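So the structure is just underneath, and the comments pick up after that.
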Amino acid sequence: MSKKLFIETLGCAMNVRDSEHMIAELNASEGYELTTDAREADLIMINTCSVREKPVHKLFSELGVFNRLKKEGAKIGVCGCTASHLGKEIIKKAPFVNFVLGARNVSKIADIVHKDKAVEIDIDYDESQFAFKDFRSSGHKAYINISIGCDKQCTFCIVPKTRGDEISIPSDLIVSEAAKAAENGVKEIFLLGQNVNNYGRRFSGEHEKVNFTELLRRVSVVEGVERIRFTSPHPLHMDDEFIEEFAKNPKICKSMHMPLQSGSTEILKAMKRGYTKEWFLNRVEKLRSMVPDVSISTDIIVAFPGESDEDFEHTMDVVRKVRFEQVFSFKYSPRPLTEAEAFTNVVDSEVGSERLSTLQAYHDSILDDLKVVNLGKIVEVYFEELRSDGYVAGRSDNNIMIKAKGSEEWLGKIANVKITEVSRMVQYGEILA
Ligand code: SAH
Ligand code: F3S
């Protein structure tokens, strides 16, 4: 009987891809098969996120639960960003954990699984050219890493300390991975990095210097690739050349993530984001003027140390001006190993919660307006999922989640859909043959 692997993945899309890589390696070397039931697993892994404090706290209670329900002799591994920053402390606090594998060491999974109380968290480890075995959880969309680590030092962010310095993956490897996915019937390529439009600044070894705009061109001409998405770009590196390619390349989906973080230039400076409120608005204007139906999503942190009412009002001002289609908003959470952890001008937690609700309530009202605008529109949807309620689901080019009555014959197909019913998060439509 084959060995069973249960893996829980938290956090960002890069973690999802790291989990796919580990599943592939464990399958190829040990024959592990995935299970969704932790009780029957021979190996239980949690791929953790440490960007905010809450999931880190949750980790230890969850480990306790897994330890109680696991079957006799099953192993438990902790990987991802929290593994990187807590390292052997995890085994100290939860001695039943068999191994700890950092976010930049996932290629060592087939090795560490045989060890006990092992900790591999080297953030200088270079796996930018590791040839991972193949595994994808979706047959329709392919995540492809284009870089590892992050060279920015945003003062709130722990990621550079858990994923290390930025190294770009050579463009020929990315293009051949896209080609392989397309040959297997995948139509949508999702390029991943912590700062994708910084691509090409540093490779390990000698490689052709290709920037992100050129990489997009090369992936878009791969036979069989019909859609390209990417995350996350950095507003600072959104130069004209990049926005123009985004606008004119028909393969690039017209949804852009533009993580604002704050609308106050003063706070942006304290965050070391490298741009001003005016630059951000200028980039949105350029983008909207070239791609009128682009949908823009963002990340916003409220109550960063030193954020005054006036600073927060600048954030609200940007939110009102841009009318983002999607907002991921967070209350600032101090993180170890970051510069901002030492900042003493903290904002009262209740003030932070109030600001978060103000922002979210305003955004909800925008969503209510936007959904009405969508009613009756015809959009192209790539169907990726069969739902149990007789619907197929997929995303429009500009990233609206659409559900339509239909069966599996629509999976992997792109079809025109007329939107007939709207809500904030999901819209319903009819497939036009
Ligand atoms: N460049 C990365 C950022 C990863 S962190 C990417 O988007 O892929 C994702 C988001 O979490 C950030 O954009 C930020 O809005 C939020 N975040 C990061 N550190 C935070 C902190 N200390 N407190 C609250 N939110 C944080
Ligand atoms: Fe974090 Fe800033 Fe990089 S948010 S991942 S340090 S671009």
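Remember, it's a predicted structure, so these values are computed and weren't measured experimentally. Ligands are counted one by one from 1 in listed order, and the atoms in each one are counted from 1 as well.
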Is ligand 2 under 4.0 Å from a heavy atom in the side chain of [X], in the backbone, in both, or in neither?
X      : answer
Pro160 : side chain
Asn195 : neither
Gln261 : neither

Counting the benzene-type ring for Trp, do Phe66 and Phe96 have ring centres under 6.0 Å apart?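 No: the rings miss the under 6.0 Å criterion.
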Given the side-chain rings of Phe130 and His21, with only the six-membered ring counted for Trp, is the space between their centroids under 6.0 Å?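 Not close enough - the centres of the two rings lie 6.0 Å or further apart.
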How far apart are the C-alpha atoms of Glu177 and Arg17, what are their side-chain angles, what is the distance that settles it, and do they pass the salt bridge (charged side-chain N to carboxylate O under 4.0 Å, His left out) test? CA-CA 13 Å; Glu177 210 180 329; Arg17 186 62 183 140; 2.9 Å; yes
Got an N, O or S from Cys154 under 2.8 Å of atom 2 (Fe) of ligand 2?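 So Cys154 counts as coordinating atom 2 (Fe) of ligand 2, yes.
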Please name the pair of heavy atoms, one in Arg387 and one in Glu385, separated by the smallest distance, quoted to 0.1 Å. NE-OE1, 3.2 Å
Which heavy atom of the protein is the closest neighbour of atom 3 (Fe) of ligand 2, given with residue, atom name and distance?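 Going atom by atom, the protein heavy atom closest to atom 3 (Fe) of ligand 2 ends up being Cys150 SG, 2.3 Å.
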Please work out whether the ring planes of Phe246 and Phe242 are parallel, tilted or perpendicular, with thresholds of 30° and 60°. tilted
Hey, can you tell me if Phe304 and Phe156 have their rings parallel, tilted or perpendicular (30° and 60° cut-offs)? perpendicular
Can any side-chain N or O of Asn398 pair as donor or acceptor with the backbone N or O of Ser255 at less than 3.5 Å? no
Using a 4.0 Å cutoff against the non-hydrogen atoms of [X], which atoms of ligand 2 qualify?
X      : answer
Phe156 : 4 (S)
Arg273 : 2 (Fe), 4 (S)
Gln194 : 5 (S)
Val159 : 5 (S)

Ring pair (Phe, Tyr, Trp, His ring centres under 6.0 Å), that's the test. Do Phe324 and Phe328 meet it? Break it down for me. CA-CA 10 Å; Phe324 296 101; Phe328 301 95; over 10 Å; no
List the steps and the verdict of salt bridge (charged side-chain N to carboxylate O under 4.0 Å, His left out) for Lys248 and Glu245. CA-CA 5 Å; Lys248 72 169 194 258; Glu245 182 65 26; 3.7 Å; yes
In sequence, state the C-alpha distance, the side-chain angles, and the governing distance for Asp18 and Arg163, and then conclude on salt bridge (charged side-chain N to carboxylate O under 4.0 Å, His left out). CA-CA 12 Å; Asp18 288 345; Arg163 290 187 173 270; 3.1 Å; yes
Check if Arg163 has a non-hydrogen atom at a distance under 4.0 Å from any atom of ligand 2. no
Compile the protein residues with any heavy atom at a distance under 4.0 Å from an atom of ligand 1; present them by chain, then by number. Val51, Arg52, Phe156, Gln194, Ser232, Gln261, Asp299, Ile301, Phe330, Lys331, Tyr332, Ser333, Arg335
When you compare the side chains of Glu127 and Ser107, does any donor N or O come within less than 3.5 Å of an acceptor on the partner?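 Present: a donor and an acceptor within the cut-off.
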Short N/O/S contact of Cys157 with atom 1 (Fe) of ligand 2 (below 2.8 Å): yes
